[in-house]
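Position 1 is the first residue of the sequence; numbering continues from there. Note that the structure is predicted; figures quoted are calculated from it, not measured.
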Amino acid sequence: MSYFLKKSTPSKKGLYLQIYQTFYVPKKGKRNKSYKALGYVSELKDSGVEDPIAWAQSQIDELNEREAKRPVPKIGSVSVQKNVGYFLLKSMMDYLGIDGDLRIMTQNRKFQYDFPGFLRAMIYAQVVNPGSKHKAFEEVIPTLYGVDSFSYDQILDGVNFIGQDYKKFVELFNAKITKRYKRDTSTAYFDCTNYYFEIDLPSEDRQKGPSKENRKSPIISQALMLDRDQIPIAMSMFPGNESEKPELRKAIEDIKTRYDISSKIVQVADKGLNCAKNIYAAVREANDGYLFSKSVHGHYLSETEKEWILLDNDQNQWTEVKGKNGKTVYKYKEAVGDYSYKFRDDDGNIQTFTVREKRVVTYNYTLARKQTAEIEKEVDKAKRVSSYKEAHKEDYGDSIKYVIFERDGKKVKGDAVLNEKKIKEDKMFAGYNLLVTSELGMSAREIYDMYHGLWRIEESFRVMKTYLEARPTYVRDRYSIYGHFTICYLALTVLRLLELKVFDEEIPVGQIVKFMRDYSVTETSEGEYINAATKSSMVDKIREVFGISKLDNLYLKKKDIKNFLSAEIPEP
């Protein structure tokens, strides 16, 4: 068995990296399959990986080196390799104590198998070796040490059942988390993403809409909400052709109703969810607060507001924030005022209202350079495409925003010309970001720090799309799709609890997942187990937190493995 790097360009986001595994199938020869998705080169660079290709190759070299050192037993002397690393997931699910309530939830269904054990197995499989439900049935669950197996039909039936009433499973986990850890719902971070399906025609909730990955395939959308501590608290699925904005209002209403929350919640979201209707629902209907970013481009702001943002003649207005090296990282200024909003209600009537709002504008020097470079790149592309004799609008891609087409009625005619006004304005506002909030008593720094907590929800989507491989989705009917994403959501929730509550943010999700995937044992004919995992800082941290030993021993006994699987989460 060996590993290699696969490079592909599945979307306009650029180069995509995956680790592939080469193995031998008797009578069929060599076969390749995906072992681990690493992500887009651009996203890896944004996350701090300077050279993604070299970083990826170093992981592959480590895997191949480990494979080369793996003991090669004589035929008949050992059994199959078994994963034990999932014990971290098991310990958290034991600590939450979900099994009893799950049995009560499913007692009318009269499953011919243990449903709590099934849900656990699906979560373990989604983390340890994600893929299709058939892969979970055939390749993954049977290799989890001490975990019962299920037939393929039982797996499909169970996933479909979860999807039929998925919010109850989310509610169950929330209730158990609240009992074990004090939930802070004073702030709710919210965002949406979507997942593409490689099908030609839309079907049920898989509809064509604006894809996050610029794909033309039908998509399904997912809304995710985190509490103040960045632990997932809500999830909802909706058709890909529907707007994200109403989902924020629905999620907040559902959270408050399900958990009898009467206290104020400050909703935090990016500019894609900032609309007058959401602001009205927050402050006038729910007595909540909001913190949104607001676009500084185009018609979103009045000329007076734009002038205030750009005003730089009074240096006392701006406060500079310096980094460890003493250089200014960004600067900010703030203002409080009464601002008018309007929206069209469900009856089609225009509603106008005024709110007192604090606004904080920031200017980030690094962001300004990056955005200016991106603008110039798009302008160059627009110039290049415009020089073609038979250029079509679709040839421009994102650069189309920087060109103007001559029109004859509704028909486009003539050559495209650069939109110099748009180019000038975008460069002028490069590096600026505007935050608007109802929380007048918060300082500008507190507002800035709270808003930038949104990075965790963006990372949560990356975890689901990369480590948990929520896509591609191999199931097809609506409830099975919902069930699949619920399993991914629950797996994400357990991983976040381990990262934030057990390991105190010292061990990131990626390292936790890597440990669980790598930690496997092989039984010898003498009844001992050979530990194939290599020593890492994770082993030392687990030993420290859980108080268990022998994790890095080469030879293990059955009682040692049972000791791992019975590890208990320490009380907070």
Point to revise | side-chain hydrogen bond (donor to acceptor under 3.5 Å, both in side chains) between Ser151 and Asp153, intermediate numbers included | key: CA-CA 5 Å; Ser151 71; Asp153 286 341; 5.5 Å; no
**Study point:** Any Ile542 side-chain heavy atom under 4.5 Å of Phe87 side chain
**Key:** yes
Check your understanding: Can any side-chain N or O of His484 pair as donor or acceptor with the backbone N or O of Val159 at less than 3.5 Å?
Key -> no
Revision key, fill the gap. Residues Met235 and Val170: closest non-hydrogen pair is N-CG1, 4.5 Å
Check your understanding: Does the side chain of Leu291 come within less than 4.5 Å of Gln267's, by heavy atoms?
Key -> no
Practice item. Decide yes or no for Asp114 and Arg103: does some side-chain heavy atom of the first lie under 4.5 Å from some side-chain heavy atom of the second? Key: yes
Revision key, fill the gap. OG1 of Thr187 to CD1 of Ile265, rounded to nearest 0.5 Å, is 9.0 Å
Practice item. Given ring-ring contact (aromatic ring centres under 6.0 Å, His included), test Tyr20 with Tyr3 step by step and report yes or no. Key: CA-CA 6 Å; Tyr20 261 63; Tyr3 301 86; over 10 Å; no
Check your understanding: What residue among Glu458, Arg456, Gln230 forms side chain to side chain contact (heavy atoms under 4.5 Å, CB included) with Tyr189?
Key -> Gln230
**Study point:** Pair Arg496-Ser460, side-chain donor/acceptor within less than 3.5 Å
**Key:** yes
Exercise for review: State, with a plain yes or no, whether a side-chain heavy atom of Asp254 is found less than 4.5 Å away from one of Lys167.
Suggested key: yes
**Study point:** Test ring-ring contact (aromatic ring centres under 6.0 Å, His included) applied to Tyr166 and Tyr479, step by step
**Key:** CA-CA 9 Å; Tyr166 69 90; Tyr479 292 135; 9.2 Å; no
Check your understanding: Below 4.5 Å, heavy atoms only, C-beta onward: do Val127 and Met516 meet side chain to side chain?
Key -> yes
**Study point:** Euclidean distance, Gln222 CD relative to Ile481 CD1, rounded to 0.5 Å
**Key:** 12.5 Å
Practice item. Considering only NZ, NE, NH1 and NH2 on the basic side and carboxylate oxygens on the acidic side, decide whether Asp99 and Arg120 come within less than 4.0 Å. Key: yes
Review point. Would Glu171 and Lys168 pass as an ion pair if we require N to O under 4.0 Å?
Key: no
**Study point:** Student check: side-chain heavy atoms of Trp55 and Leu17 closer than 4.5 Å
**Key:** no
Revision key, fill the gap. Closest non-hydrogen contact found for Lys90 with Leu565 is NZ-O, 2.9 Å
Exercise for review: Look at Lys541 together with Glu506 and state whether they make a salt bridge at an N to O cut-off of under 4.0 Å.
Suggested key: yes
Review point. Atom CD1 in Ile255, atom CE in Met225: separation rounded to 0.5 Å?
Key: 6.0 Å
Point to revise | Lys264 and Asp288: CA distance, side-chain angles, deciding distance, salt bridge (Lys or Arg N to Asp or Glu O under 4.0 Å) verdict | key: CA-CA 5 Å; Lys264 179 179 178 179; Asp288 282 334; over 6 Å; no
Check your understanding: When you look at Tyr113 and Gln154, which way does the side-chain hydrogen bond (donor to acceptor under 3.5 Å, both in side chains) test go after all the steps?
Key -> CA-CA 8 Å; Tyr113 53 93; Gln154 287 173 337; over 6 Å; no
Review point. So Ile155 and Ile141, side-chain contact (heavy atoms from CB on, under 4.5 Å) or not? Walk me through it.
Key: CA-CA 11 Å; Ile155 289 176; Ile141 295 177; 4.2 Å; yes
Practice item. Run the numbers on Asn160 and Asp477 for side-chain hydrogen bond (donor to acceptor under 3.5 Å, both in side chains), then give the verdict. Key: CA-CA 8 Å; Asn160 185 276; Asp477 68 272; 3.0 Å; yes
Check your understanding: According to the interplanar angle, ranging from 0 to 90°, do the rings of His134 and Phe137 count as parallel (below 30°), tilted (30 to 60°) or perpendicular (above 60°)?
Key -> perpendicular
Review point. Where do Phe118 and Phe115 land on the ring-ring contact (aromatic ring centres under 6.0 Å, His included) test, with the steps shown first?
Key: CA-CA 5 Å; Phe118 163 78; Phe115 189 83; 5.6 Å; yes
Review point. Would Lys550 and Asp560 pass as an ion pair if we require N to O under 4.0 Å?
Key: yes
Review point. Can Lys250 and Glu247 be counted as an ion pair, charged N to O under 4.0 angstrom?
Key: yes
Exercise for review: Please round to the nearest 0.5 Å and tell me the distance separating atom CG of Asp94 and atom CD1 of Ile569.
Suggested key: 8.5 Å
Practice item. Test salt bridge (Lys or Arg N to Asp or Glu O under 4.0 Å) on Arg462 and Glu459 and set out the steps. Key: CA-CA 5 Å; Arg462 284 199 296 272; Glu459 187 200 39; 5.3 Å; no
Review point. Does Ser91 use its side chain to pair, donor to acceptor, with the backbone of Leu88 at less than 3.5 Å?
Key: yes
Check your understanding: For Tyr195, is the NZ or CZ atom of Lys465 found under 6.0 angstrom from the centre of its six-membered ring and inside 45 degrees of the ring axis?
Key -> yes
Check your understanding: Can you list the steps and then say if Lys36 with Gln21 is a side-chain contact (heavy atoms from CB on, under 4.5 Å)?
Key -> CA-CA 9 Å; Lys36 181 181 180 182; Gln21 189 179 58; over 6 Å; no
Point to revise | salt bridge (Lys or Arg N to Asp or Glu O under 4.0 Å) between Glu469 and Lys135, worked out | key: CA-CA 13 Å; Glu469 294 187 25; Lys135 177 182 177 181; 5.8 Å; no
**Study point:** Lys182 and Asp229 ion-paired at < 4.0 Å
**Key:** no
**Study point:** From CD (Glu505) to CG (Leu500), nearest 0.5 Å
**Key:** 5.0 Å
Check your understanding: Hey, does the Lys NZ or Arg CZ of Arg180 hover above the aromatic six-ring of Tyr95, less than 6.0 Å from the centre and inside 45° of the axis?
Key -> yes
Review point. Is the backbone of Leu468 close enough, under 3.5 Å, to the side chain of Gln126 for a donor and an acceptor to pair up by distance?
Key: yes
Check your understanding: Hey, does Gln511 have a side-chain heavy atom less than 4.5 Å from the side chain of Ser537?
Key -> yes
Practice item. Test side-chain contact (heavy atoms from CB on, under 4.5 Å) on Arg517 and Asn129 and set out the steps. Key: CA-CA 7 Å; Arg517 290 179 177 177; Asn129 193 356; over 6 Å; no
Point to revise | Under-4.0 Å salt bridge between Arg543 and Asp552 | key: yes
Review point. Which is it for Arg258 and Asn174 under the side-chain hydrogen bond (donor to acceptor under 3.5 Å, both in side chains) test, yes or no, and what are the steps along the way?
Key: CA-CA 10 Å; Arg258 282 179 179 268; Asn174 279 338; over 6 Å; no
**Study point:** Presence of salt bridge, Glu50 and Lys45, under 4.0 angstrom
**Key:** no
Study note, to complete from the structure: One should read off an interatomic distance between Leu5 CG and Gln57 CD, to the nearest 0.5 angstrom, of 6.0 Å
Review point. Counting distance only, does the side-chain N/O of Tyr145 pair as donor-acceptor with the main-chain N or O of Ser520 below 3.5 Å?
Key: no
Point to revise | Side-chain heavy atoms of Leu497 within contact of Tyr181, under 4.5 Å | key: yes
Check your understanding: Yes or no on side-chain contact (heavy atoms from CB on, under 4.5 Å) for Leu172 and Lys176, after CA distance, side-chain angles and deciding distance?
Key -> CA-CA 6 Å; Leu172 168 65; Lys176 296 300 182 181; 4.1 Å; yes
Point to revise | Donor-acceptor contact below 3.5 Å, side chain Asn531 vs main chain Leu551 | key: yes
